[in-house]
Structures are given as C-alpha cells and as structure tokens.
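To keep things clear, I will list the structure first and then write my remarks on it.
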Amino acid sequence: MFKGALPGFRDFYPQELAERAFIMATWRDVARRYAFVEYDGPPLEPLELYTRKSGEEIVGQLYNFVDKGGREVALRPEMTPTVARMVGARANALRKPVRWFSMPQLFRYERQQKGRLREHYQLNVDIFGASEVAADAELVSCAVDIMRAFGLSSRDVVVRVSDRRILQAFLESLGVPTDSVPGVYGVIDKLERQPAQVSAEKLAALGVPASAVERIVTIADVGFDEIASRLGGTPSAAIVDEFGAFLRYVPALLGGDTSWLRVDLSIVRGLAYYTGIVFELFDRSGEFRAICGGGRYDTLLQSLGGADLPALGFGMGDVVLGELLRAKGLMRATEAGADYWISGADEVPLERIMEEAARLRGEGRAVEFALREQSLSKQKKAAQASGAREFVTLSNDGTHG
RNA sequence: GUGACUGUAGCUCAAUUGGUCAGAGCACCGGACUGUGGCUCCGGGGGUUGCGGGUUCAAUUCCCGUCAGUCACCCCA
C-alpha cells in the first residue's frame, strides 16, 4: 500500500479541499471586482520555455523529464512565461490594457520546508499594455482587497513597496559604484537574514564608501521624503514623482485607507526581471514567508521573443496564505452538509424515504438518509454528525416532522 | 544539494536505568438511553512501535543505514 503522497505534494481530504475552495473562490471574487478575466494554460510546457528566461541553472529547480516523444518538458514552475506567450501570440488583437488572472497549480523540485512545497496553487494577476503607474496601484490595491476579503486588516498585513530604479539611483547618490550595484542588491536582499555587521563587511568589500554603509544597512527605514529630497533635481526626479503618485493612488483605491503601505527599499524581489515598482505583502508578526509578491517587468515579453508590451503582475500562493488564515482563525471553510436528512419513524419503508429524497433532489436539494432502517434516535444522531441542515421525519400516518 | 533535530493506532500523546509496555484520550463502528440539539453509559475494530540491518538472553527504548517529517542554508513561488 502507498502510505502518503509524494514528498511536497498534498492529499486534499474534504476539509482541506473546502479550505482550498474557500481561498480560490475569494481570489476569483476579488479579481472579478477589479475586472480581471480568467485564463489558463497547460500545466506541462517545453523545458526551453523556462531555460530561455532563466538559464540552465533553473533546471535544478524544475520538475522536468523527457516525454515519450523525446521532448524535454517541465511541469510549470511559474505562469509568467506561459501568459507571456499567450499574450504575445495575440498582442495586436487583444484590447489593451489586458487584465488577466489565473490560479494555476505550479511545481518546483525543491526540498520542502515551512510554507514551501513542491506544488502549490498561485493566484496570478497581470496587466499588459499599461505603462501608467495607475496600473501598478490597481495591482497593489487588488492584493490588499484580497486580504480584506479574507478578514485581514492592516494590523495583520503590511505592503512593502519599492522601485528598482529609485533604489539604484539612491545607491548611486550615496556614492556606490555603478558596477557594484548588483552586488549591493544581493546584500540588501539578505539584510533581514544576516547580522548587520556581516552586511556592512560585505558592502565595504564591494567598494561602498564607509559613509554609505550605515545608510544601506538601515535602508528599510528610508522614507519617501528622504528619497524625494535626495533625488530631487536629478535625472531620477520624474521617477520619484511617479512613485509619489503611486503612493497616493493606492490609498485612493482603498477608499482613503493609508495604513497598508510602507516604503521599503530593501524589497529587491530576487534580483530578477523587475524594472519598476515592486511590492511584497507580509504578515506583521514576521512569522511567515511573503504572502504575495509582484511588480513591473516591462521588458520581459520582448526578451521572451514576444510583443513589446509593458507588463506587471503579482503572484499569491495558497500555502503561506493558508497558514496565516488558520493562525488568525479566519479559515472559513467546512465540509458542506446536506440540505435535508430524511428519516423514517415507526417502520416507514425505505422506499418512502427514497421517494421523498428523489423529490427534493429533483428540486436541486442535497439529500441524505440512512441506508437501512434504524431507530429514530440513531438516525438523528447520524444526521447531526453529518452536518445536515434540516432533519425531516416521515411517519406512517403521512405526516412530516 | 548541505546541515541539525525528529519518526509509537486517523489525530494528540504514554510506556521506570533496554525485560509481558504495546496503552490512554479524541475520532471511527456497534449497542443502550425512545426523542430537540450533537449528552451519558456499555462494547468493538485499528499499530509487525517508518523501513532494513546490527548489538543483546531480551529493544519502542542502544548503534548503523535508508525513507519520511520539521527547521536552517542555498534559491525562489
């Protein structure tokens, strides 16, 4: 006998499936409110679709194999290449901006740990063909409204926002050599996970001026005012103005609520393909991994050989979110019981119960009953355990109870 | 891929310095309580103690391996 699922994979018993359905229904509902439309793609893709974007190193993280036709294939680790291909193929025909979302099951061949399995479901929300910063604000607002829809508040979750271009300009204004910027990103990305002393030493080794090291180690505390004053009048001023507009738009979209956003230049998002504003959602306690992350990647479609369309999006997985919801007591999902439990008193034949069940089922009701004649108390106990909402008793004199 | 810790019934756990130690609660099944809220009582099924070796007169309890889990690193979703 097989004892359990493969490592990193989950069996969804009815309770767990109800929770997954609850999460996905909430995702879908909020995405719809923002006028995003749903799409999907194949769970299995050519391996090259991922190596072209991320290089051969990525193969170590992929669930890949050779199929019976000799093709190198991989279970999708992310949705972006797929959606980039789909949008690229019809770039000229699609009404812009394209506002799409999907809830794919994604796969990674990695050793599992808390909040990370080999498989998960991830909401992907993307906008293509919009260079306006209002689009960035729409995405962040959508992510926050999803938190709200789950009953989470800004006391539970914070949105940390940054901009790669501003971070680069900020670092250069501190005297960081341009060549050292990528290395400094790497240090910044690890600030929270290693001692400040270690970070400072690494920065010094990268040629960062002593005067700038301390400011970089505490870069998470840099606010918009400091950014604006330091970069005002420089070539980056227009970008800072855009960032300022973004910081006004998000609260406007949230009905005036300013409590969710926090400027945090330490959000680097994996050094990857992001080109502008980036953001991550974290629980305030710091107990869990990032709940959600995203940003703008204007050059990615073109680099994948597709259309030259600006693009931005975010991903939100079900694993960390589920852990957070359970920790907060907000997982509102239970196995659905039947609408009616039909019982029979005094030797009512099973056929009469079945006929009544058939009648109600014909009306679209969910109906269960004991599959053999039992005492009424037994039936009532079974009905209660099943979670059925109504307990109906048929008796020989034709009455209902 | 590397390291640390862990591994007893579906779940949570127990079992003196290795010697009837394979148990309890919950859950599940059956029965009683003949009736209004998941109460009470009785009974039952279920584990080759992750798996495979080794040490020993004897191992759940010691050693090795392996698989799995947790956490961290790596990396990222």
Side-chain angles (χ1 to χ4, degrees), chain A residues 1-11 13-16 50 53-63 74-83 102-126 143 185-186 189-190 192-195 198 267-274 278-282 287-295 297 313-323 334-335 337 341 343-347 370-372 374-393 395 401:
Chain A
M1 274 302 291
F2 298 106
K3 182 126 190 215
L6 286 169
F9 286 79
R10 296 171 285 177
D11 287 326
Y13 287 82
Q15 177 60 40
E16 284 89 54
Y50 305 110
K53 172 186 161 196
S54 310
E56 294 293 333
E57 320 83 65
I58 193 73
V59 176
Q61 319 271 346
L62 295 181
Y63 234 105
L75 290 169
R76 60 187 174 195
E78 58 171 329
M79 201 57 175
T80 303
T82 298
V83 69
S102 189
M103 303 186 294
Q105 186 177 23
L106 303 178
F107 306 86
R108 278 280 169 113
Y109 198 89
E110 289 184 310
R111 192 154 173 176
Q112 67 169 317
Q113 55 186 284
K114 186 181 183 187
R116 282 179 72 183
L117 307 173
R118 286 183 168 177
E119 147 278 319
H120 74 147
Y121 290 87
Q122 187 188 65
L123 170 67
N124 274 253
V125 179
D126 292 278
Y185 285 168
D189 196 38
K190 291 185 175 57
E192 289 186 350
R193 301 193 295 276
Q194 68 189 8
V198 175
I267 299 298
V268 177
R269 293 288 303 154
L271 320 172
Y273 45 77
Y274 290 100
V278 294
F279 63 94
E280 290 189 334
L281 272 63
F282 281 90
E287 183 182 349
F288 303 99
R289 293 170 178 280
I291 301 160
C292 167
Y297 46 95
F314 71 78
M316 182 186 299
D318 70 306
V319 179
V320 174
L321 178 61
E323 288 172 352
T334 53
E335 298 176 40
W341 181 286
S343 61
D346 313 321
E347 320 264 318
L371 297 175
R372 62 180 173 185
Q374 290 181 315
S375 71
L376 200 51
S377 65
K378 192 73 184 168
Q379 294 179 67
K380 176 163 276 180
K381 183 172 288 187
Q384 288 170 340
S386 79
R389 280 172 283 289
E390 297 287 339
F391 184 72
V392 177
T393 302
S395 35

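So that the names make sense, note that chain A is the first sequence line, chain B the second, and so on, each numbered from 1.
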Please report the distance, rounded to the nearest Å, between [atom1] in [X] and [atom2] in [N].
X: A/K114; N: B/C71; atom1: NZ; atom2: P; value: 6 Å
X: A/L117; N: B/A77; atom1: CG; atom2: C1'; value: 11 Å
X: A/E390; N: B/U36; atom1: CD; atom2: P; value: 18 Å
X: A/M316; N: B/A77; atom1: CE; atom2: P; value: 15 Å
X: A/K380; N: B/G31; atom1: NZ; atom2: P; value: 18 Å
X: A/F282; N: B/C76; atom1: CZ; atom2: P; value: 14 Å
X: A/I291; N: B/A77; atom1: CD1; atom2: P; value: 17 Å
X: A/E192; N: B/C75; atom1: CD; atom2: P; value: 16 Å

Taking NZ, NE, NH1 and NH2 as the nitrogens, is one of them in A/E16 or A/R10 under 4.0 Å from a carboxylate oxygen of the other? no
Taking the side chain as every heavy atom from C-beta outward, state whether [X] and [Y] have any pair of such atoms under 4.5 Å apart.
X: A/F288; Y: A/K114; answer: yes
X: A/N124; Y: A/V83; answer: no
X: A/R289; Y: A/Q113; answer: yes

Among the nucleotides [options], which one has an atom lying closest to any side-chain atom of [X]?
X: A/R116; options: B/G37, B/G35, B/C74; result: B/C74
X: A/P7; options: B/A68, B/G37, B/C74; result: B/A68
X: A/R289; options: B/C76, B/G1, B/A32; result: B/C76
X: A/Q113; options: B/C75, B/A72, B/G30; result: B/A72
X: A/R111; options: B/A68, B/G37, B/G3; result: B/G3

Mind checking the [atom1] distance from [N] to [M]? Whole angstroms is fine.
N: B/A27; M: B/U12; atom1: P; answer: 15 Å
N: B/C13; M: B/G31; atom1: C1'; answer: 29 Å
N: B/C33; M: B/C42; atom1: C1'; answer: 11 Å
N: B/G7; M: B/G50; atom1: P; answer: 9 Å
N: B/U55; M: B/C74; atom1: P; answer: 43 Å
N: B/U48; M: B/U60; atom1: C1'; answer: 12 Å
N: B/C29; M: B/A68; atom1: P; answer: 33 Å
N: B/G25; M: B/C63; atom1: P; answer: 33 Å

Would you tell me if any nitrogen or oxygen in the side chain of A/R372 comes within less than 4.0 Å of OP1 or OP2 on B/G30? yes
At under 4.0 Å, does any side-chain N or O of A/K381 touch on OP1 or OP2 of B/C33? no
Provide the Watson-Crick or G-U wobble partner of [N], both distances under 3.5 Å; none if there is no partner.
N: B/U55; answer: none
N: B/A24; answer: B/U12
N: B/U17; answer: none
N: B/U70; answer: B/A4

Taking the six-membered ring of A/Y109 (Phe, Tyr or Trp), confirm whether the NZ or CZ of A/R118 is under 6.0 Å from its centre and within 45° of its axis. yes
Mapping A/A385 and A/H120 to their closest nucleotides on RNA chain B, which lands nearer the 5' end? A/A385
Quick one: on RNA chain B, does A/S375 or A/Q112 contact a more 5' nucleotide (nearest heavy atom)? A/S375
Check whether A/E323 reaches the backbone of A/G115 with its side chain - one donor and one acceptor, N or O, closer than 3.5 Å. yes
Ignoring hydrogens and angles, tell me if any N or O in the side chain of A/R116 forms a donor-acceptor pair with the backbone of A/V320 under 3.5 Å. no
If you look at every strand shown and take non-hydrogen atoms under 4.0 Å, does A/G8 touch a base, only sugar-phosphate, or nothing? sugar-phosphate
